[in-house]
2 protein chains.
Amino acid sequence: MSTKFTQIGGSKRSLHVQVACEMARSIILGELPEGEIIPGEMDLCTQFGVSRTALREAIKLLTSKGLLESKPKVGTRVRPQQYWNYLDSQLLDWLIDMEKTAYLYEEFLALRKAIEPEACASAARFASVEQRMQLSELFQKMDSIAKGFDQDVWVDVDLEFHRLIFISTGNSFFLPFANVLSTMFKSYFHHASKRGTTCIEEHRAIYEAIMAGNSEKARQASQALLTASDHELEAIK
Amino acid sequence: MSTKFTQIGGSKRSLHVQVACEMARSIILGELPEGEIIPGEMDLCTQFGVSRTALREAIKLLTSKGLLESKPKVGTRVRPQQYWNYLDSQLLDWLIDMEKTAYLYEEFLALRKAIEPEACASAARFASVEQRMQLSELFQKMDSIAKGFDQDVWVDVDLEFHRLIFISTGNSFFLPFANVLSTMFKSYFHHASKRGTTCIEEHRAIYEAIMAGNSEKARQASQALLTASDHELEAIK
DNA sequence: GTTATGATATAAATCATACAAATTATATCG
DNA sequence: CGATATAATTTGTATGATTTATATCATAAC
């Protein structure tokens with residue numbers, strides 16, 4: 001286990017987050033296998049070159065995300081992968097910066113196909129008056145941007161559109177998806193840089209269905225958009 | 001802000017988790033409104049009667065779940081609700097122990113309706129040979145338990161059945177649902193104590209469809225089960 | 001008057017150290 | 001040989017000192 005980790009320092013993020021990120025990396029890459037007891041706190045402190053306070057806060061962070069589990073005397077062990085909370089935006093942020101994680105985009109699209117049509121249907125039924133106003137405002141912005149296409153601006157507005165839909169469901173459990181979606185989008189457009197389709201007509205269909213309170217139509221429109229996204233993903237591979 | 005929190009101590013769980021739980025409670029109940037700066041570390045230490053170490057680890061826990069956010073000089077503030085990670089089993093565990101959270105069961109059922117049919121469909125396509133064997137074993141157990149019905153045993157096996165389906169999708173993003181489902185199930189059967197329906201035939205339909213690799217049938221069977229669950233929930237209200 | 005620039009106060013961040021508690025392993029005694 | 005006590009190890013908790021980041025305000029430049 002000697003000198004597995006490199007010294008930390010220099011970056012802008014807080015120390016314990018950097019340490020947590022490094023450890024998460026090791027765990028995800030399988031350098032620290034599931035069930036394995038990781039080195040003791042003191043060992044890790046010297047390896048990372050940080051104090052025990054910082055290290056422990058890093059461990060608490062990873063414990064909260066389901067990656068670690070520690071007991072007095074026995075040590076801190078890596079929990080089985082099935083307990084990792086992939087729907088945590090911070091964890092996801094660390095994941096997608098790694099190699100061989102392209103498959104995550106496909107898996108995420110599969111999740112979206114399950115969840116977003118239902119979210120759109122719910123939004124059509126439960127969105128408040130205020131939320132419908134916000135959605136209307138947002139879509140008008142999208143519509144105008146779609147013509148003179150500017151990718152950076154588009155991503156932000158597109159994201160806000162989908163986020164607002166999740167919020168408008170009024171279902172607490174749909175909220176985390178908005179955040180995860182945000183993380184995935186940003187990373188996706190960052191890596192697969194130049195791409196140009198806005199699918200504005202598909203978005204319009206969703207928008208109009210939600211405004212009309214037609215949940216069945218909203219569901220179908222969302223499915224249509226995601227099928228289009230599917231073709232995009234194929235084109236890139 | 002004086003004496004908002006009571007002294008901590010006595011329970012079996014680690015200190016920082018108890019503190020985190022108490023703080024989460026206050027936040028969720030709105031005693032600490034969104035955007036509000038919570039008292040400084042020293043204040044909270046004296047209020048809870050714990051050291052700064054314990055308090056800070058508690059804050060890190062809540063930060064990881066999206067409830068808090070802290071910056072030097074400015075303090076630690078409560079993040080807007082839309083960033084809270086409701087799909088974190090620990091957070092959920094704290095939530096459902098509180099009053100006026102019955103609505104969570106309904107919201108969760110709505111989420112299940114979106115996600116589980118797709119999960120079953122995926123499992124039918126992607127489950128490995130080993131996973132199919134495990135599922136077979138599990139269902140036989142369910143079938144035998146369903147006759148001489150013992151609630152405690154049933155819940156465990158039922159849970160394992162659904163968990164295995166999520167795992168069998170091979171999609172990382174479906175894994176967290178298994179854990180959340182587990183938390184919700186346990187709480188549900190704990191509160192609404194005596195109830196007896198196993199829906200064994202609905203489960204059988206799912207099981208057989210997955211084993212047969214018939215994803216469309218698996219999807220429909222799952223929908224049928226969830227509709228039955230819907231009626232159960234109605235009966236309790 | 002408006003906009004940069006820099007000092008300062010403050011709260012969190014980090015460090016270092018000490019002690020407590022829990023659990024495993026070992027050794028001792030009946 | 002078995003049960004119980006003891007010791008050793010690892011995480012858990014506590015505390016004080018020190019460092020770093022940033023909002024605020026004062027000052028200087030434009």
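Here is the naming used below: chain letters follow the sequence lines, and residue numbers restart at 1 for every chain.
- Rounded to whole Å, atom C1' of D:dA23 lies 10 Å from atom NZ of B:K71.
- In this structure, CE on B:M184 lies 11.5 Å from OG on B:S89, to the nearest 0.5 angstrom.
- As rounded to whole Å, 10 Å separates atom P of D:dA17 from atom CE of B:M42.
- In this structure, B:H16 atom NE2 and D:dG12 atom P are separated by 7 Å, rounded to whole Å.
- As a whole-Å value, the separation of B:E57 CD from D:dG12 C1' is 8 Å.
- Rounded to whole angstrom, the span from the CZ atom of B:R52 across to the P atom of D:dA14 amounts to 12 Å.
- Following rounding to the nearest Å, A:E41 (CD) and D:dT9 (P) show an atom-to-atom distance of 16 Å.
- At least one donor-acceptor pair closer than 3.5 Å links the side chain of B:T183 to the backbone N or O of B:N179.
- Applying the salt bridge (charged side-chain N to carboxylate O under 4.0 Å, His left out) rule to pairs touching residues 82-93 of chain A yields A:K65-A:D88, sequence neighbours excluded.
- Between the P atom of D:dT9 and the CD1 atom of A:I38 lies a distance of 20 Å, rounded to the nearest Å.
- Map A:K73 and A:R56 each onto its nearest nucleotide of DNA chain D; the residue landing nearer the 5' end is A:K73.
- The pair B:E41-B:R56 counts as a salt bridge, with a side-chain nitrogen and a carboxylate oxygen less than 4.0 angstrom apart.
- Put simply, B:S51 has a side-chain N or O that comes within less than 4.0 Å of OP1 or OP2 on D:dA14.
- Residue contacts shown for B:S70 are limited to sugar-phosphate atoms, with no base heavy atom under 4.0 Å away.
- Contacts between chain B and DNA chain C, taken as any atom within less than 4.0 angstrom of a protein heavy atom, begin and end at C:dT10 to C:dT14.
- The number of heavy-atom neighbours closer than 6.0 Å to CE of B:M98, taken from other residues, nucleotides and ligands shown, is above 12.
- Side-chain atoms of B:D143 and B:H203 include no donor-acceptor pair closer than 3.5 Å.
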